[in-house]
Amino acid sequence: MLVGLKQLAQKEDLTTALRKIKHTKNRQISQAFSHTYLVGAVIVLILSPIDLLTDRKPLKS
């Protein structure tokens, strides 16, 4: 009976640890995607004015 109680407590500790690991992993993945989108937005923001200056002008004949 004592072994059964120890195994039950061990199971609860493992499930708690796995839940924390899963939560941490999901949070880190979300942060990575947020940083990726932020970097992309900054690149677009910086290059948009340059794009407006590089338009081809129609040839006058």
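Values in this document were obtained by computation on a predicted structure and should not be read as measured data.
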Listing, residues 21-30 side-chain donor-acceptor contacts under 3.5 Å, not counting sequence neighbours, or none:
| from | atom 1 | to | atom 2 | distance (Å) |
| --- | --- | --- | --- | --- |
| T24 | OG1 | K20 | O | 2.9 |
| N26 | ND2 | K22 | O | 3.4 |
| S30 | OG | N26 | O | 3.0 |

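With sequence neighbours excluded, the residues forming a side-chain contact (heavy atoms from CB on, under 4.5 Å) with T54 are I50, D51, listed by chain and number.
When each of K6, Q7, M1 is checked for a side-chain contact (heavy atoms from CB on, under 4.5 Å) with V3, only Q7 meets the rule.
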Practice item. Kindly indicate, with the supporting measurements, whether the criterion side chain to side chain contact (heavy atoms under 4.5 Å, CB included) is fulfilled by L38 and S34. Key: CA-CA 6 Å; L38 181 63; S34 296; over 6 Å; no

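Linking ILVMFWY side-chain heavy atoms closer than 4.5 Å, directly or via other members, places L47 and V39 in a single hydrophobic cluster.
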